[in-house]
Amino acid sequence: IKNLESEINSHSQLFEKYNENSKRVMKIAFNILLSYTIYNWDGTFTNKSLIELLFPFLDAYMAQTPINGNENDFDDEKCESEIFTIFDVFYSDNDFAQLNNTSKQPFIKEILPKIGEVLEKQYEKLSNLLRQKQVHSLDFLRDDLSRWFVDIFHSNDSKDIQRLWISILSFEGSVAEFFKCFVIALLFYV
């Protein structure tokens, strides 16, 4: 409880946009995270980024159903319940229990060589450019891949991270397949 309170308080700037309701929204975040850490004790015990992972869901929910200051307009328990359910699926499907241990994240280890194969077969010019730059492995992306959800695509209003998560959740393939496509697009962009 102390760790959760400390994390939420250290991220209080995220909640400032809710003005007089910021404490109420912080309490909602605390309740969701407390419930989730009890529900998924082993999977959340070492993760220090829970609030960063939760906040875009909370923020999106608040944008859909804003708190107007009237206690009767907004149901805190319904908010907590709905966000908890979505957060659980997102957290478990993306193996965030291993977020602080990138060497053990299986999907990251598996997709980087596969991305290299796709580049060789389908994007020869990009593959040649990477070799010219002395990039013979995509392992340099390993740490960044695991932090995309927390601090790589971070902005004060969380719109970038929301856009990324909506893309992942609406992608027809697996999460690993999304990352393959996204890394290739990112390499083209860079």
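Computed from a prediction, not measured in an experiment: that's the story for all the values here.
Interatomic distance, OH of Tyr91 versus CG of Leu50, reported as 5.0 Å (0.5 Å rounding). From Tyr61, atom OH reaches atom CD1 of Ile83 across 6.5 Å, with rounding to the nearest 0.5 Å. Summarising the geometry, atom CD belonging to Gln134 is positioned 9.5 Å from atom CD belonging to Gln132; distances are rounded to the nearest 0.5 Å. Rounding to the nearest 0.5 Å places NE2 of His11 at 10.5 Å from CZ of Phe55. Taking CZ of Phe87 as the reference point, atom CG of Asn40 lies at 9.0 Å (rounded to 0.5 Å).
Between Arg131 and Val135, every side-chain heavy-atom pair lies at or beyond the 4.5 Å cut-off. Between Phe90 and Leu54, every side-chain heavy-atom pair lies at or beyond the 4.5 Å cut-off. By the 4.5 Å heavy-atom criterion applied to side chains, Cys79 and Met62 are counted as neighbours. Looking at Met26 and Leu14, their side chains never come closer than 4.5 Å, going by heavy atoms from C-beta outward. Using a 4.5 Å heavy-atom threshold, the side chains of Phe74 and Arg24 count as touching.
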Intermediate values then yes/no, side-chain contact (heavy atoms from CB on, under 4.5 Å), Phe15 and Ile51: CA-CA 11 Å; Phe15 300 92; Ile51 189 64; 3.9 Å; yes

Phe30 vs Ile1, side-chain contact (heavy atoms from CB on, under 4.5 Å): CA-CA, chis, key distance, verdict: CA-CA 9 Å; Phe30 174 80; Ile1 290 173; 3.9 Å; yes

Assess the residue pair Lys17 and Asp59 against the criterion (side-chain contact (heavy atoms from CB on, under 4.5 Å)); give the C-alpha distance rounded to whole Å, side-chain angles, the decisive distance to 0.1 Å, and a yes or no. CA-CA 10 Å; Lys17 67 194 259 175; Asp59 191 42; 2.9 Å; yes

Pair Leu119, Leu187 - check side-chain contact (heavy atoms from CB on, under 4.5 Å), show working. CA-CA 10 Å; Leu119 290 175; Leu187 289 170; 3.9 Å; yes

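A salt bridge does not link Lys2 with Glu7: none of the charged nitrogens is closer than 4.0 Å to a carboxylate oxygen. Between Glu177 and Lys180 there is a salt bridge, with a side-chain nitrogen of the basic residue lying less than 4.0 Å from a carboxylate oxygen of the acidic one. In this structure, Lys27 does not pair ionically with Asp76, as no charged nitrogen and carboxylate oxygen lie closer than 4.0 Å.
Side-chain N or O atoms of Thr37 include one that pairs as donor or acceptor with a backbone N or O of Leu33 at under 3.5 Å. Side-chain atoms of Ser22 come within 3.5 Å of backbone N or O of Asn19 as a donor-acceptor pair. Within the 3.5 Å criterion, the main-chain N or O of Ile8 finds no donor-acceptor partner in the side chain of Ser12.
Leu129 and Val118 fall into different hydrophobic clusters, where Ile, Leu, Val, Met, Phe, Trp and Tyr are joined by side-chain heavy atoms under 4.5 Å apart, directly or via other members.
Among Ile115, Leu186, Ile111, the one residue that satisfies the side chain to side chain contact (heavy atoms under 4.5 Å, CB included) test with Phe179 is Ile111.
In the model, Asp88 has a side-chain atom that pairs as donor or acceptor with a side-chain atom of Tyr36 under 3.5 Å. Using modelled atom types, one finds no donor on one side chain facing an acceptor on the other under 3.5 Å when comparing Asn128 with Tyr123.
By the neighbour-count criterion of 12 heavy atoms within 6.0 Å, atom CZ of Phe171 is densely surrounded, having more than that number from other residues, nucleotides or ligands.
The two residues Leu58 and Ala29 come nearest to each other via the heavy atoms CD2-CB, 3.7 Å.
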